Amino acid sequence: MGIEMKPYYRPLSLESYAYLLKKAGDKARVLAGGEYPQEAGEVKKGEVLIDLQALKLDQVSYQGDNVHIGGLCNLNMLMLACSGLPGLVEAVRHQAGTNVRNTLSLANFLRSGFVGQSSPLLCALLALDARILPILESDTAPLSNYFLKSKAVPITAELILPRSADFRFAQVGRSEMDLPQVCLGVLSLKNDQLRVAIDAGKRFIFTGDKESVSRDIAKLGSELDDQWAGSDYRRKALLVLLERLLEASPERKETK
Amino acid sequence: MKIELRVNGSDYSINAEANLNLRDTLRQLGLLSIKSGGCRLGECGACTVLLDGMPINSCMLLAVQAEGHELTTVESLGEIKDQGWKKTTGLDLIQEAFIETGAVQCGYCTPAMILAAKALLEQKSNPSEAEVREALSGILCRCTAYVKPVEAVLLAAKWLQGGKDDSFKLNMQVRPKLVDVDKVPLYVTVNKSENKLDAVKLVQGKPAFTADMQIPGTLHAKVLRSPHAHAEIEEIDTSKAKALPGVAAILTWKDLPRVVYSTAGQSDPIPGPLDMFSLDHKVRFVGDRVAFVAAETPEIAEKALKLIEVKYKKLPAILDLRDAMKEGAVRIHDEPEYVNFADSDASRNLPAEIRIDIGDVEKGFSEADQIFEREYMVPKVQQAHIEPHVTLSYWDEDDRLVIRTSTQVPFHARRMLAPVLGLPVKRIRVVKPRVGGGFGNKQEVLIEDVAGHLTIATGKPVLYEMSREEEMIASRSRHPMRVTVKTGVKNDGTITANAMYALSDTGAYGCHALTVTGNTGHKSMGLYVGDGEYRKAPNIRFYADIVYTNTPPAGAYRGYGVPQGYWPLDRHMETVARALKMDPIEFRLKNALRTGEYHPFSTAWNEGREPVPEVIQTVGLVECVTQGKQAIGWDDKYGNSDWHRVEGKPHLRRGIGVALVMQGTAIPYLDMGGASLKINDDGSFNLLIGATDLGTGSDTVLAQMAAEKLGVRPNDILVYSSDTDFTPFDVGAYASSTTFVSGTAVTRAAEQMAEKIKARAKMIFESQKVVVALPEIELINGYAVTPDGYKLPLSEIALDSLHRHNQEQLMTVASFVAPSSPPPFGAQFATVLVDTQTGAVQVEDLVFAVDSGVIMNPTTASGQIEGGMAQALGYAVSEEMKYDSEGVAREIDLVDYHIFRADEMPRMQTIFVQTFEPSHPFGAKAVAEIPMDGVAPAVGNAVLDACGADVIENPVTPERVLKALANK
């Protein structure tokens with residue numbers, strides 16, 4: 001039996017973090033910035049808290065055409081880092097008011113899962129084909145891998161987004177800042193191709209030209225039904241939003 | 001573990017559990033300005049602190065995560081200037097701006113807003129309104145509609161830049177427009193925008209609320225709640241939970257005496273069935289109580305809940321109100337202890353029914369040229385006060401049970417709790433500290449018994465604070481209804497008969513079932529009497545069946561049934577007017593009640609008591625319409641096709657709508673308020689009142705009335721409300737009664753006090769050879785003054801009476817019960833922008849012109865109107881509570897149940913049309929509830945005006961708009 005662990009650590013390097021994680025085993029509870037209170041309340045006595053805040057995971061860097069946003073950046077930092085993506089900025093504003101945006105880390109936002117709840121920001125990130133670099137790993141993975149397969153998102157060291165893109169976002173809620181009944185993010189790709197993410201009771205990603213995406217949306221059926229809105233309404237509203245977002249973008253730029 | 005924190009420039013070393021969140025840690029340090037809204041997702045922002053200058057939610061971080069950061073709370077900002085011999089720099093200008101603009105209502109979220117403002121102004125000295133709204137968007141406020149807080153931040157910015165002077169003109173929304181219909185006397189303090197007396201402590205975040213009192217050894221309560229909509233508890237095993245270290249008590253139905261009661265905080269006898277037990281062997285909705293736990297920490301209590309083993313036998317559940325009275329429907333209340341009230345019939349799932357006929361309704365219909373009939377639906381909605389229900393109970397040194405609780409009805413609570421807890425009334429003391437919003441939900445004796453039982457069981461102090469999820473699934477809400485309106489009219493627009501039938505869903509228990517639904521008809525259908533001969537003998541029918549279902553109980557919510565009446569009624573009036581091709585306002589006014597006429601329902605109904613016919617003495621409705629039309633630009637917009645279009649956006653349509661409304665002012669011959677006054681050595685006064693200020697500003701308004709009569713400033717009146725041991729009885733804060741009923745009691749006490757002071761002054765004057773007749777003495781600016789200019793300070797009179805000659809304590813007591821309920825009237829206007837392709841509705845403007853009699857305090861009164869309109873805006877477009885096929889709630893937090901944020905509010909304007917109501921000493925009528933009534937129908941009518949979507953169910957959601965457009 002080794003030396004008893006302290007209840008709280010703030011490692012200064014990834015190596016230290018990996019060591020502590022291994023040592024704490026199933027008692028480890030990683031603190032990756034601010035989190036929703038319902039999750040914060042899950043901390044149990046006896047757990048070893050490993051706080052990542054000294055690992056410099058709250059940095060933003062621009063590398064080539066991409067922006068790398070540290071997982072411990074809060075949502076307001078994400079907004080500032082992505083000023084070249086006004087659609088994303090709008091989605092963040094819809095996601096939460098200032099306090100939550102100042103407190104909630106990107107890593108914990110992604111970890112929360114949003115089961116049964118719509119999320120403008122997640123919709124935008126999926127449309128932007130965001131990739132994440134899980135902590136202690138060297139390979140990035142598409143965010144969509146997790147959400148479309150209902151896999152838990154690991155602690156994110158970095159979120160990687162295009163630095164700028166022809167990206168648009170729209171939503172319909174009962175009020176301007178209500179969570180959406182439907183929302184839709186559209187990323188314009190090469191050759192009139194689109195990547196479209198939808199959050200309308202369930203989440204979908206479609207790629208193709210406008211016509212094929214429209215057809216995909218039109219094909220959606222009862223999977224869009226829930227207590228918040230019916231599939232007929234959602235389908236119709238999504239097609240309207242898609243049309244509008246593309247109309248508003250007559251000279252769509254290509255995203256590399 | 002040891003945690004090092006730097007807070008407000010000081011270093012703290014704390015021994016705490018590592019899993020303690022920052023909010024609770026700071027509160028343990030005594031920084032009680034930080035509040036808890038019971039959030040799941042950090043949505044309320046009441047726990048805001050500045051972390052390295054940024055406003056964050058302290059519930060979203062563990063305390064250890066804040067090590068190495070600079071924390072700031074509102075306690076560091078400022079304090080009042082004169083702290084005895086110690087002179088301070090005074091309040092921060094932001095705090096002063098919040099006071100000056102009337103931005104403080106309940107004050108629960110005020111420290112958070114002030115910190116957000118501080119962070120903004122340190123980054124941006126001259127922010128735009130949009131930037132201020134953005135900065136406040138993380139803090140939910142249910143009282144103010146953000147109008148005055150936004151103005152406060154803008155004012156603070158001006159002051160911080162150019163010094164505090166009066167050059168900055170306050171927005172009209174802060175100091176609303178007053179238009180006199182009747183002559184309003186020139187008062188000194190009444191009818192003036194005096195600052196709220198409690199605002200100073202609230203901007204400093206002083207420990208004024210229930211949970212701010214910290215007693216060592218306090219246990220924390222939690223409630224195990226039913227996962228089933230309807231079930232018998234067959235077995236319940238608490239042994240594992242009891243064995244958990246730190247658990248002090250677990251109570252189930254087996255442990256408590258079986259006392260049937262109602263949670264409705266109403267006068268005795270409660271006008272409704274007695275159908276509830278503190279704990280029962282049957283559960284009737286998802287969220288119903290199963291067991292109570294008290295433990296050393298909230299976490300232990302939570303863990304204990306999970307260890308209680310319950311075997312349920314599921315029963316069929318009624319989730320749709322239309323199924324409740326069907327043949328063969330399961331009976332929800334079959335307990336033998338059930339006590340009927342009036343026509344309640346538990347065997348039919350019917351806690352109340354109402355049958356009111358005024359005139360000859362069938363004859364009226366037979367005389368009509370046209371008859372219009374339609375069914376409308378109104379939703380269940382939540383009060384969503386930011387401070388949850390919270391109660392602290394403990395035995396005092398005399399073995400009396402003290403219940404410190406966030407309630408609107410302390411005296412009812414004491415009376416009602418006594419049998420439930422098995423204590424005589426005299427052994428219970430209920431103390432109401434500041435209340436962080438209630439809006440009717442705290443007119444319920446909802447959780448006081450939980451803490452009380454657990455204190456009795458353990459002998460220890462017990463704190464029970466509901467979580468937001470519990471608020472959503474297990475407190476009270478507005479009754480949802482299906483309402484049919486049938487109207488007969490002559491072709492000239494004269495209403496010949498008007499009938500309403502309401503099928504109302506009270507949920508699992510019948511609290512307020514009769515009285516809320518009674519008001520649905522009473523205060524809406526009473527507005528339209530018809531014209532000509534029909535005006536003299538109106539034909540009105542209101543029938544209602546109020547049914548039990550296996551959903552969370554409904555109860556009192558600001559407006560108390562009346563918004564449920566005005567959605568169908570006013571939408572119907574619009575339909576009829578349009579069908580008759582009449583101007584919608586002209587049609588309404590043609591048939592509306594006028595001065596000197598009987599309130600038609602006063603001849604037939606009085607909340608389960610004997611009706612007393614009442615003549616309406618003041619109706620400012622026509623002027624309300626005139627003022628409201630002008631403010632919203634009705635004549636330029638209504639019927640103007642150009643205005644309805646949005647250039648370049650053919651899918652967008654503008655619309656304008658109106659609704660006329662009427663409320664009530666207290667319950668006649670029932671609502672009673674008391675007040676006592678005593679003079680102090682320095683000529684100040686203690687005013688003790690049972691009236692409960694739950695953020696409305698009633699303490700201030702009552703002080704203004706007393707001050708007016710005593711010739712002093714309001715801050716010379718030290719108001720204390722409410723404590724059942726010390727303050728006189730008052731029914732509490734509901735039915736828009738405080739200004740009218742308690743205000744009259746205070747005025748009477750002040751008048752008696754003034755007479756005593758004058759008599760004492762005359763004695764002193766005579767001893768000084770100054771001859772004066774008693775009636776000639778006036779009380780002005782803190783002096784007793786003779787016509788010849790001799791004056792005596794009140795302090796001299798007080799010292800004389802207390803110490804020098806024929807000593808006596810000048811003290812008065814008065815009470816008042818209202819013999820009438822003079823209705824306020826209002827004209828609500830709305831403009832909207834409708835997206836005809838997605839159905840999205842954006843409300844752009846709300847204007848409310850209201851006749852609430854003489855306004856005691858324009859700033860606090862307009863705060864009431866704005867806050868009411870904001871809640872009603874949610875009722876109009878976004879708020880509703882839904883349940884799945886198992887009775888599980890869709891909304892369990894304030895994210896799913898969205899209430900408006902600061903950065904999405906429409907423009908708002910309040911206009912007070914002042915009549916002088918002779919039944920009140922200063923001419924006042926009610927303010928607080930009427931703004932709930934008209935917004936939804938005005939918005940519905942505006943949507944119809946915009947695009948022809950005739951939505952019959954509120955809220956007017958995008959999907960409903962598109963469906964209505966498809967049915968055009």
Side-chain angles (χ1 to χ4, degrees), chain A residues 6-8 10 29 31 33-49 51 53-54 74 76 93 96-105 108 112 116-117 170-179 181-182 226-230 232-234 236-237 239-241 243-244, chain B residues 1 3 17-19 21 39-43 45 48 51 54-62 64-65 67-68 112 116 134-140 299 302 651 835 837-843 873-874 877-879 882 884 890 893 895-896 898 900-904 955 957-959 962-963:
Chain A
K6 292 190 291 182
Y8 176 78
R10 196 181 280 192
R29 169 78 155 87
L31 301 179
E35 59 191 329
Y36 287 123
Q38 60 173 351
E39 273 109 33
E42 290 298 307
V43 179
K44 294 174 182 66
K45 275 188 182 176
E47 287 181 323
V48 176
L49 304 177
D51 186 342
Q53 68 174 285
N74 63 41
N76 258 344
R93 277 194 72 225
T98 43
N99 284 33
V100 170
R101 299 199 307 254
N102 282 336
T103 320
L104 182 62
S105 73
N108 283 330
S112 65
Q117 197 164 44
Q171 76 164 52
V172 181
R174 295 168 299 182
S175 73
E176 190 185 346
M177 292 300 165
D178 188 15
L179 285 182
Q181 312 271 298
V182 294
D226 66 14
Q227 291 183 88
W228 297 92
D232 285 349
Y233 170 75
R234 280 183 159 141
K236 189 170 180 185
L239 289 169
V240 167
L241 294 184
E243 189 68 33
R244 275 193 205 157
Chain B
M1 66 175 286
I3 300 172
E17 297 292 340
N19 62 0
N21 73 33
C39 306
R40 290 173 68 247
L41 300 171
E43 62 267 25
T48 299
L51 184 133
M54 290 289 274
I56 60 123
N57 288 335
S58 57
C59 67
M60 296 177 69
L61 288 178
L62 298 184
V64 285
Q65 291 176 286
E67 277 192 337
E134 174 81 9
L136 297 181
S137 70
I139 300 155
L140 294 176
E299 293 75 23
E302 196 70 51
H651 58 283
D835 185 327
Q837 292 179 331
T838 66
V841 174
Q842 186 181 345
V843 178
L873 178 63
V877 300
S878 59
E879 295 181 31
K882 296 254 189 178
D884 71 11
R890 184 180 73 168
D893 55 43
V895 176
D896 283 340
H898 177 73
F900 271 70
R901 279 173 24 187
D903 55 347
E904 57 172 338
T957 61
E959 185 173 18
L962 280 203
K963 275 187 183 159

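Everything numeric in this text was worked out from a predicted model, so none of it was measured. Naming convention: chains lettered A, B, ... in sequence-line order (proteins, then strands); numbering from 1 in each chain.
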Next item on the list: Kindly compute the distance separating OH (Tyr233(A)) from OG1 (Thr838(B)), expressed to the nearest 0.5 Å.
Entry: 5.0 Å
Margin query: Taking side chain as everything from C-beta outward and backbone as N, CA, C, O, which of these in Leu104(A) sits under 4.5 Å from a heavy atom of chain B? Side chain, backbone, both or neither.
Written below: both
Notebook entry, point to check: Val100(A) versus chain B, heavy atoms under 4.5 Å apart: side chain, backbone, both or neither?
Noted result: both
Check: Rounded to the nearest 0.5 Å, how far does CG of Asp232(A) lie from NZ of Lys963(B)?
Finding: 8.0 Å
Check: For Ser137(B) and Met177(A), what are the C-alpha separation, side-chain angles and deciding distance, and is it a side-chain contact (heavy atoms from CB on, under 4.5 Å)?
Finding: CA-CA 10 Å; Ser137(B) 70; Met177(A) 292 300 165; over 6 Å; no
Next item on the list: Go through Ile56(B), Val64(B), Val877(B), Thr957(B) and name the one with the most non-hydrogen pairs under 4.5 angstrom from chain A.
Entry: Val64(B)
Notebook entry, point to check: Side chain, backbone, both or neither: which part of Gln227(A) has an atom under 4.5 Å from a heavy atom of chain B?
Noted result: both
Check: With only heavy atoms counted, which part of Asp178(A) is less than 4.5 Å from chain B, the side chain, the backbone, both or neither?
Finding: both
Item checked: Short side-chain donor-acceptor distance under 3.5 Å, Thr103(A) and Asn57(B) -> no
Next item on the list: Indicate yes or no: at least one non-hydrogen side-chain atom of Asn19(B) is less than 4.5 angstrom from one of Arg29(A).
Entry: no
Next item on the list: Under the salt bridge (Lys or Arg N to Asp or Glu O under 4.0 Å) rule, collect the residues that match up with Asp226(A), sequence neighbours excluded.
Entry: Arg234(A)
Check: Which pair of heavy atoms, one from Ala18(B) and one from Pro7(A), lies closest together, and at what distance?
Finding: CB-CB, 4.1 Å
Item checked: Proximal component of Ala96(A), with respect to chain B [non-hydrogen, under 4.5 Å] -> backbone
Checklist line | Closest-packed option against chain A by number of heavy-atom pairs under 4.5 Å, given Lys882(B), Met54(B), Gln65(B), Met1(B) | finding: Gln65(B)
Note to self: Is Glu176(A) in contact with chain B via its backbone, its side chain, both, or neither, using a 4.5 Å heavy-atom distance?
What the structure shows: both
Next item on the list: Identify which of Gly33(A), Ser175(A), Gly173(A), Ala229(A) forms the greatest number of heavy-atom pairs closer than 4.5 Å to chain B.
Entry: Ser175(A)
Next item on the list: Using a 4.5 Å cut-off on heavy atoms from C-beta on, say whether the side chain of Leu179(A) contacts that of His898(B).
Entry: no
Item checked: Residues which pass salt bridge (Lys or Arg N to Asp or Glu O under 4.0 Å) with Glu43(B), listed by chain and number, not counting sequence neighbours -> none
Next item on the list: Look at Asp835(B), Ile3(B), Leu51(B) and state which one has the largest set of heavy-atom pairs under 4.5 Å with chain A.
Entry: Asp835(B)
Notebook entry, point to check: Would you call Arg93(A) and Asp903(B) a salt bridge, taking side-chain N to carboxylate O under 4.0 Å as the test?
Noted result: yes
Item checked: Arg890(B), part contacting chain A, at a heavy-atom distance under 4.5 Å -> both
Check: When rounded to the nearest 0.5 angstrom, what is the spacing between CD in Glu879(B) and CZ in Arg174(A)?
Finding: 8.5 Å
Note to self: To the nearest 0.5 Å, what is the distance between CD on Gln53(A) and CG on Leu61(B)?
What the structure shows: 8.5 Å
Note to self: Between Glu959(B) (side chain only) and Gly230(A) (backbone N and O only), is there a donor and an acceptor less than 3.5 Å apart?
What the structure shows: yes
Checklist line | Distance (rounded to the nearest 0.5 Å) between Leu962(B) CG and Lys236(A) NZ | finding: 5.0 Å
Margin query: Can you give me the closest heavy-atom contact between Val172(A) and Ala840(B), atom names plus distance?
Written below: CG1-CB, 4.0 Å
Item checked: Pairwise distance CG(Asp51(A)) to CD(Glu67(B)) - rounded to 0.5 angstrom -> 9.0 Å
Checklist line | side chain to side chain donor-acceptor pair (under 3.5 Å) assessment of Gln837(B) paired with Arg244(A) | finding: CA-CA 10 Å; Gln837(B) 292 179 331; Arg244(A) 275 193 205 157; 2.8 Å; yes
Margin query: Among Ala135(B), Cys39(B), Ser58(B), Ala112(B), which residue has the highest count of heavy-atom pairs closer than 4.5 Å to chain A?
Written below: Ala135(B)
